[in-house]
Number of protein chains: 2
Amino acid sequence: MSTRREAVKQALNEASGFRSAQDLYADLRAEGSKIGLTTVYRALQALSDSGEVDVLRTGEGEAVYRACASDAHHHHLVCRGCGRAVEVEGPAVEKWAEAVGAKHGFTEVTHTVEVFGTCADCSARAN
Amino acid sequence: MSTRREAVKQALNEASGFRSAQDLYADLRAEGSKIGLTTVYRALQALSDSGEVDVLRTGEGEAVYRACASDAHHHHLVCRGCGRAVEVEGPAVEKWAEAVGAKHGFTEVTHTVEVFGTCADCSARAN
DNA sequence: GCCGAAAACGAAAATGATTGTCAAAATAGC
DNA sequence: GCTATTTTGACAATCATTTTCGTTTTCGGC
């Protein structure tokens with residue numbers, strides 16, 4: 001893994017929530033790196049391909065990334081306000097998805113589950 | 001609701017699965033309509049704002065729409081091959097999402113759940 | 001330490017979905 | 001029929017993301 005890619009991964013690790021490619025590019029430039037936007041995209045692509053980071057799409061269609069502590073299958077509870085994300089798992093959901101797929105004759109069933117909310121800090125700040 | 005908007009909604013109703021704005025535009029033009037792409041986007045925007053259609057994003061970031069039979073909260077089981085979608089509901093998932101949010105101090109919890117798979121027809125065709 | 005191939009970079013151009021602009025056309029109210 | 005309002009659609013503009021393509025860096029020998 002190249003130095004640049006390491007830098008992108010580290011920038012992701014330092015962030016507590018999901019960040020877009022553009023965000024990360026801005027972060028890295030802000031801390032003095034001369035990295036190019038293209039490289040950020042390439043690094044994120046590689047990292048998500050190798051399963052080192054999770055990707056999801058915002059409602060506006062922008063891709064956002066996160067370095068996750070667990071490499072097992074899990075989902076996220078994301079704060080609408082600050083973007084902070086908590087890793088959660090739900091065996092019940094996994095089973096449900098599988099069962100629903102099977103019931104309708106679908107095979108190779110996969111699923112995406114994201115939970116959004118306002119975290120305690122952001123609720124407090126909103127007062 | 002204008003005639004154009006009706007046309008877009010009907011095109012959606014005739015489709016069995018999720019369709020992108022571009023798809024619908026192509027469909028409408030194919031059946032002789034002189035509708036413009038801009039109008040298709042505007043109609044879909046209006047329809048999704050009023051909750052008459054469901055929207056989700058493909059992995060490539062393209063927005064896809066579907067006219068759903070039920071106006072209650074539900075999820076979709078979508079075929080990766082043909083795009084056909086089945087409306088499903090999962091009380092267990094709703095409760096789980098709410099519980100997980102509460103456990104971590106999150107309020108105003110919402111969630112998105114999509115299940116993907118290969119439907120029986122498409123599996124058969126793949127042989 | 002030095003050399004060349006291969007991999008990684010980055011700037012700028014290309015792409016593709018979506019949105020904004022604005023004048024023409026449909027429709028409504030009178 | 002006639003003006004006021006809304007809807008429409010061609011076209012330009014936006015914006016994230018990808019491609020292209022020379023340049024630079026990294027590395028494995030030597």
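This is a predicted model, so every value here is computed, not measured. Just so we're on the same page: letters track the sequence lines, and every chain starts at 1.
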Name the pairs: protein N/O against N/O of nucleotides 23-29 of chain C, kept only if under 3.5 Å.
none

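- With rounding to the nearest 0.5 angstrom, the CZ atom of A:Arg57 is 13.5 Å from the OG1 atom of B:Thr112.
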Side-chain donor/acceptor pairs under 3.5 Å, residues 31-43 of chain B, sequence neighbours excluded:
from, atom 1, to, atom 2, distance (Å)
B:Ser33, OG, B:Ile35, N, 3.1
B:Tyr41, OH, B:Gln22, NE2, 2.9

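- Atom CZ in A:Phe18 sits 11.0 Å away from atom OG in A:Ser16 (nearest 0.5 Å).
- No donor-acceptor pair closer than 3.5 Å links the side chain of B:Thr118 to the backbone N or O of B:Cys122.
- A single hydrophobic cluster is seen to contain both A:Val109 and A:Trp96, as judged by linkage of ILVMFWY side chains at heavy-atom distances under 4.5 Å, directly or through other members.
- In this structure, CZ of A:Arg5 is placed 15 Å from P of D:dT26, rounded to the nearest angstrom.
- Follow the hydrophobic side-chain contacts under 4.5 Å out from A:Leu44 and you reach A:Val55 in the same cluster.
- For the pair B:Gln45 and C:dT19, the criterion of a side-chain N or O lying under 4.0 Å from OP1 or OP2 is met.
- Distances shown here put every side-chain N or O of A:Arg42 at or beyond 4.0 Å from the OP1 or OP2 atom of C:dA7.
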Distance-only check: which donor-acceptor pairs under 3.5 Å involve side-chain atoms of residues 75-87 of chain B, not counting sequence neighbours?
from, atom 1, to, atom 2, distance (Å)
B:His75, ND1, B:Val113, O, 3.3
B:His75, NE2, B:His73, NE2, 3.3
B:His75, NE2, B:Glu94, OE2, 3.1
B:His75, NE2, B:His111, NE2, 3.4
B:His76, NE2, B:His74, NE2, 3.4
B:Arg80, NH1, A:Thr110, OG1, 3.3
B:Arg80, NH2, A:Glu108, O, 2.3
B:Glu87, OE1, B:Ser70, N, 3.3
B:Glu87, OE2, B:Arg66, NH1, 3.2
B:Glu87, OE2, B:Ala69, N, 2.8

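- Note that OG of A:Ser20 and OH of A:Tyr25 are 12.5 Å apart. Values are rounded to the nearest 0.5 Å.
- B:Val88 and B:Val64 fall into different hydrophobic clusters, where Ile, Leu, Val, Met, Phe, Trp and Tyr side chains are chained together by heavy-atom contacts under 4.5 Å.
- Less than 4.0 Å separates DNA chain C from at least one heavy atom of each of the following residues of residues 32-39 of chain A: A:Lys34, A:Ile35, A:Gly36, A:Thr38, A:Thr39.
- Taking atom CD of residue A:Glu60 and atom C1' of nucleotide C:dT19, one finds them 14 Å apart after rounding to whole Å.
- Across the protein-nucleic acid pair, A:Tyr25 atom OH and C:dC9 atom C1' stand 12 Å apart, rounded to whole Å.
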Dump every N/O contact between nucleotides 14-16 of chain D and the protein below 3.5 Å, one line per pair.
none

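- Summarising the geometry, atom OG1 belonging to A:Thr58 is positioned 11.5 Å from atom CD belonging to A:Glu114; distances are rounded to the nearest 0.5 Å.
- A:Ala15 is linked by a side-chain contact (heavy atoms from CB on, under 4.5 Å) to A:Arg19, counting only residues two or more places apart in sequence or in another chain.
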